[in-house]
Amino acid sequence: MASAQYITTAAAGIKSRPGRPLQYFKGVGPVRAKRLESIGLVTAQDLLSYYPRDWERRHELQDFNQPHPDGRVVIRGKVSRVQIHLMGAKLGLFKVVLESHGAFVQAVWFKRLSVRYDVFKKFRHEIVPGAWLWVVGRSEPSLLEVREVHVEEYYVENDGRLPADACLHVGRIVPIYPLTEGIPAQLMRNMVFKALCDYAGDSEEVLPPEIMQKRDWMPFSKALWQIHFPDSAELLEKARRRLAYQEFFLLETALGIKKHQTQRTQKPFHYELKKHLLTPFRKRLGFDFTASQKKVINEIFRDMQAPYPMTRLLQGDVGSGKTVVALSALLLAVENGHQGALMAPTEVLAEQHYITLTRLLRGIGVKVGILTSRAAAAQRQKRLKEIAAGKIDIVVGTHAILEKEVQFPQLSMAVIDEQHRFGVRQRALLRNKGNLLDLLVMTATPIPRTLALSLYGDLDVSTLTEMPPGRIPVETIHASEKEAFDFLRGEILSGRQGYVVYPIIDESSRAAEPGQNTLKAAKIEAERLQQKVFPEFKVDLIYGSMSGAKKEKVMQAFSEGKTHILVATPVVEVGLDVPNASVVVIQEADRFGLASLHQLRGRVGRGRQASRCYLVGDPATHEAEARLRILCETNDGFKISEQDLRLRGPGQIMGTQQHGEWEFKIADLFRDLDLLEMTREDNRQILEKDISLVQPEHLTLRRHLIDLYQNQWHWIDLA
Ligand code: ADP
Ligand code: MG
């Protein structure tokens, strides 16, 4: 992902002269340079922000009986005996007895033997009785008196001192980098050290001086040194927080400026509540809005009628009725002669919205069109023409809407459903489709308010706090397939329908799931269910890579009640809205995340009848077990999301890892929440005085933000 790469590198605040290509580093060369490139490392500059994934205390162990927590030991000892054993023709053992703090330790190297050269030559030469040696390795339980270490790295002292380059690897806190094949850990550490020596001093201070002072941060160059080669655990943590703060600060400042700009720019259009569409729409609905929906619709209408573009986040649990809220907003735009767009993350959801909107708007004279990337070329061309001619009032689609050829002459209101599946960038692209249009983004994955406000610094938040009336909470049961199917049969006999969800579509997708060659696949299972388990009913199948037309047909048949059981892959996770369905059976439930399970469960309980969700599967880990238990215990999306945060961390939950903008290099949304709040306060302090960042002490920050965001996304206008 180019943008993520770019952001994360630049987010470190590293600038100035281009770094030396890594190919010319000692020990690298063209082959290793290629490998490094594959993990995003091309020049010395890239190394500066290639932060360790962990750190190891590699100080000399005083007592062999107390290894470091991960079982690793670091021993400095004097060589007292050296032995070589050949174990058959293939394997050789090099054994050294070390004397360390009055005890004896046996260090062991295993080496595959070679007919061409003496694999132990180097050892024999370097490791001689009387030499002082450092070994790093795993301590192995040994039956003998003497302790044994399987050596991973070793360093020989010269005249009672470690050679300079060995000092990076032992006797200190040592960085552990994410590596790739063919790049030894030592090489990586040596390279980073060299890069720091040559370039760390060049790096600019991005944080304004008043913030540096207020928070007493260490200089950026020092933070770089300390994050890679910390002098102490305290300094490491200080450096980590300093860099994490900077990551948050840059994003928050950008969001703050963005918010300011949107609030300052007048929309070129304005809406009136004409109600010639809204009223008939409400009448046709067949239900009244809940108080919560009314409140939220009012908030949205108020924003839409304000002179500045709206950017609002609508949170509401699965099934809380976000679609009709969105539709109200779209209709207000259409009433006023504008176009609306509704963007969904999957084709199934787009199809579902299309079906729903067409049904709800039938006879009102609003034209709805659908645009996905799976549409046939001719049809797509036709649709594009209609949109461009303003003949379609509301365009529903996937990210296909964002493509350049899609031209909306009168777009004024855009909705993004399940927005956590999209990134800031896509949000910005959609916004740029119209002249300062109003934007409503919706999500069923609520996150704690502090986090929402900080992360969505450029959004206002509305929340649907109640469910439509008459909903009976879905009962969730962890049970066997047989139990689930028996219940499903009973429900169908009394006129209901059900879903059976499988994690993958066919065997070929198993390959992508390492170690999962027993996963049940939807295609085969659908056949089995039809032939063997439910021959008396009609079973159908839906999955992601199906053609758009086919999907539409399957969904239509199911919503009309023509099929009884819909076998599906997780494509139905967000989307299908068939109130008559009262059972969802989730197979291999232990394989799904909490948020997915909650969404899948949300496919039922949409009508007035009692519904059940069956979780079938044997959790193999404590975490999987916890997920199933939580799901059985609660239906509350907020609670589930809190638990999810605990289990997985926020980046995963908000889908931000796919998009990169909240994928921080060093900051941890959970652990460093206090820093995030701090940056909100601090950037307000800066922006209140100097929103354009033109004061001399803000120029570096300004340049960095332009580099980071403007050129990539065109969503922040500092020029
Ligand atoms: P979500 O918030 O998950 O997107 P939907 O918008 O799909 O939820 O709504 C779920 C179901 O609830 C739909 O069938 C919708 O028609 C229905 N619904 C929405 N609002 C109400 C209401 N006020 N009263 C009754 N049913 C409602
Ligand atoms: Mg929805």
Side-chain angles (χ1 to χ4, degrees), residues 278 281-298 300 312-331 342-362 394 396-398 415-422 440-446 461-474 496-497 499 555 558-561 570-582 584 595-609 611 613 635-638 640-641 655:
L278 282 164
F281 158 66
R282 281 185 76 158
K283 286 214 173 103
R284 292 183 55 102
L285 263 183
F287 53 75
D288 290 327
F289 289 140
T290 61
S292 191
Q293 281 170 322
K294 280 184 197 152
K295 176 165 171 278
V296 166
I297 290 172
N298 277 332
I300 293 169
R312 188 167 279 276
L313 168 71
L314 170 58
Q315 297 191 335
D317 207 345
V318 189
S320 59
K322 294 186 290 295
T323 314
V324 289
V325 172
L327 188 48
S328 305
L330 292 166
L331 284 177
L342 171 55
M343 182 165 82
T346 66
E347 295 212 0
V348 169
L349 183 52
E351 287 287 348
Q352 175 65 60
H353 280 322
Y354 178 66
I355 293 172
T356 307
L357 265 55
T358 315
R359 176 169 54 83
L360 292 176
L361 299 177
R362 198 170 291 142
I394 300 177
V396 179
T398 54
V415 182
I416 303 180
D417 198 7
E418 304 295 340
Q419 77 98 26
H420 58 283
R421 303 239 179 155
F422 295 102
L440 177 69
V441 302
M442 312 200 289
T443 182
T445 306
V461 183
S462 290
T463 307
L464 284 177
T465 50
E466 65 184 322
M467 285 284 173
R471 292 278 175 79
I472 303 171
V474 180
R496 309 277 173 231
Q497 294 160 277
Y499 302 95
M555 287 168 67
F558 190 68
S559 53
E560 286 167 7
V571 294
V572 297
E573 179 183 317
V574 288
L576 288 188
D577 177 31
V578 178
N580 191 48
S582 63
V584 57
S596 294
L597 289 171
H598 182 56
Q599 291 265 11
L600 285 169
R601 171 169 66 182
R603 292 317 100 207
V604 298
R606 301 190 147 238
R608 287 179 173 265
Q609 75 278 359
S611 313
C613 169
N635 274 300
D636 182 334
F638 276 89
I640 288 174
S641 134

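Start at 1 and go down the list; that is how both ligands and their atoms are numbered. Quick caveat, the model's predicted, so the values are computed rather than measured.
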List below, pair by pair, the N or O atoms of ligand 1 and of the protein that are less than 3.5 Å apart, including the distance to 0.1 Å; reply 'none' if no pair qualifies.
unit_1, atom_1, unit_2, atom_2, d
ligand 1, 2 (O), S320, N, 3.4
ligand 1, 2 (O), G321, N, 3.1
ligand 1, 2 (O), K322, N, 2.9
ligand 1, 2 (O), K322, NZ, 2.8
ligand 1, 3 (O), G319, N, 2.6
ligand 1, 3 (O), R606, NH2, 3.4
ligand 1, 6 (O), K322, N, 3.2
ligand 1, 6 (O), T323, N, 2.9
ligand 1, 6 (O), T323, OG1, 2.6
ligand 1, 7 (O), R606, NH1, 2.9
ligand 1, 8 (O), G321, N, 3.3
ligand 1, 12 (O), R471, NH2, 2.5
ligand 1, 14 (O), D577, OD1, 3.0
ligand 1, 14 (O), D577, OD2, 2.9
ligand 1, 20 (N), Q293, NE2, 3.0
ligand 1, 23 (N), D288, O, 2.8
ligand 1, 23 (N), Q293, OE1, 2.8

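- Residues forming a side-chain hydrogen bond (donor to acceptor under 3.5 Å, both in side chains) with S582 (at least two apart in sequence, or on another chain): E491.
- The nearest pair of heavy atoms linking G319 to P468 is O-CD, 3.5 Å.
- N635 places no side-chain N or O within donor-acceptor distance of the main-chain N or O of P473, the cut-off being under 3.5 Å.
- Y354 is linked by a ring pair (Phe, Tyr, Trp, His ring centres under 6.0 Å) to nothing, counting only residues two or more places apart in sequence or in another chain.
- A salt bridge does not link K322 to D417: none of the charged nitrogens lies less than 4.0 Å from a carboxylate oxygen.
- Applying the side-chain hydrogen bond (donor to acceptor under 3.5 Å, both in side chains) test to every pair with at least one member in residues 283-292, sequence neighbours left out, gives these pairs: T290-Q293, S292-T465.
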